[in-house]
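A short write-up of the structure that comes next.
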Amino acid sequence: GENVEQHPSTLSVQEGDSAVIKCTYSDSASNYFPWYKQELGKGPQLIIDIRSNVGEKKDQRIAVTLNKTAKHFSLHITETQPEDSAVYFCAASKAGGTSYGKLTFGQGTILTVHP
Amino acid sequence: EAQVTQNPRYLITVTGKKLTVTCSQNMNHEYMSWYRQDPGLGLRQIYYSMNVEVTDKGDVPEGYKVSRKEKRNFPLILESPSPNQTSLYFCASSRGGEKLFFGSGTQLSVL
């Protein structure tokens, strides 16, 4: 089955700095890669996602890049703010077909943004 | 308001006492799934359902049961809970298995 590794497990930055979280996946058939943000006491919330036919996607201060050859994808947050502090999860799945239901998450990254 | 509702929010039980965690969504989503969250392990999928009466195992299904008799509900059943099932549980729903909407979680402690 799919295996997703996420690094680092914790990340501490100063307000205004950039933060980068990286994930690798094992199944070359995976084609959908979402990122979720989990604030304390809440369920995860989708912040951005990318499909395998796209190399990069950006939404304001958040961007995701995908390298299919190397089987890794990354989340980039620019101009970090204290409200970006949360746990971030990457995930991988095969969208479409008969096996789209299985979604494998990474271990999570605790991001702390210091004012 | 679009939401996924889980109940209860907190549950303490004893080994072997059957329990059910309910999950309901009001978005008419075909897809629903259950995850458990443990420190250092991230979110692991227990079961998922692509539509009414269609369910399949995720990565950690042992010790759990599910049913999908109605589109809006997807209960998680632990018939004989054990301490290793102490965890934070999340239900999620979506259209087509992408862009998941998560509930607020159920913290389960099995003594």
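The shown structure was predicted, so the numbers you read here are calculated from the model rather than taken from an experiment. A, B, ... follow the sequence lines: proteins, then strands. Residue 1 opens every chain.
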A/Glu39 and A/Lys37: CA distance, side-chain angles, deciding distance, salt bridge (Lys or Arg N to Asp or Glu O under 4.0 Å) verdict: CA-CA 7 Å; A/Glu39 297 176 342; A/Lys37 175 184 180 181; 3.6 Å; yes
Note, A/Leu75 side chain near A/Cys90 side chain (heavy atom, < 4.5 Å):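 No, side chains not in contact.
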Contacting moiety of [X], where chain A heavy atoms sit under 4.5 Å:
X	answer
B/Tyr35	side chain
B/Arg9	side chain
B/Leu41	backbone

Ion pair check, A/Lys102 and B/Asp56, cut-off under 4.0 Å: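 No.
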Check ion pair B/Lys65-B/Glu79 (N to O, under 4.0 angstrom):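 A salt bridge is present here (some side-chain N lies under 4.0 Å from a carboxylate O).
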Chain A interface, residue from B/Gln37, B/Gln6, B/Arg44 that has the most non-hydrogen pairs under 4.5 Å: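 Highest number of heavy-atom pairs under 4.5 Å: B/Gln37.
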Under 4.5 Å from any heavy atom of chain B - which part of A/Pro34: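 Neither part, no heavy atoms under 4.5 Å.
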At a 4.5 Å cut-off on heavy atoms, which part of A/Gln38 comes close to chain B: side chain, backbone, both, or neither?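 Answer is side chain: those atoms of A/Gln38 sit under 4.5 Å from chain B.
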Ring centres of A/Phe73 and A/Phe33 under 6.0 Å apart?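 That pair passes the under 6.0 Å test.
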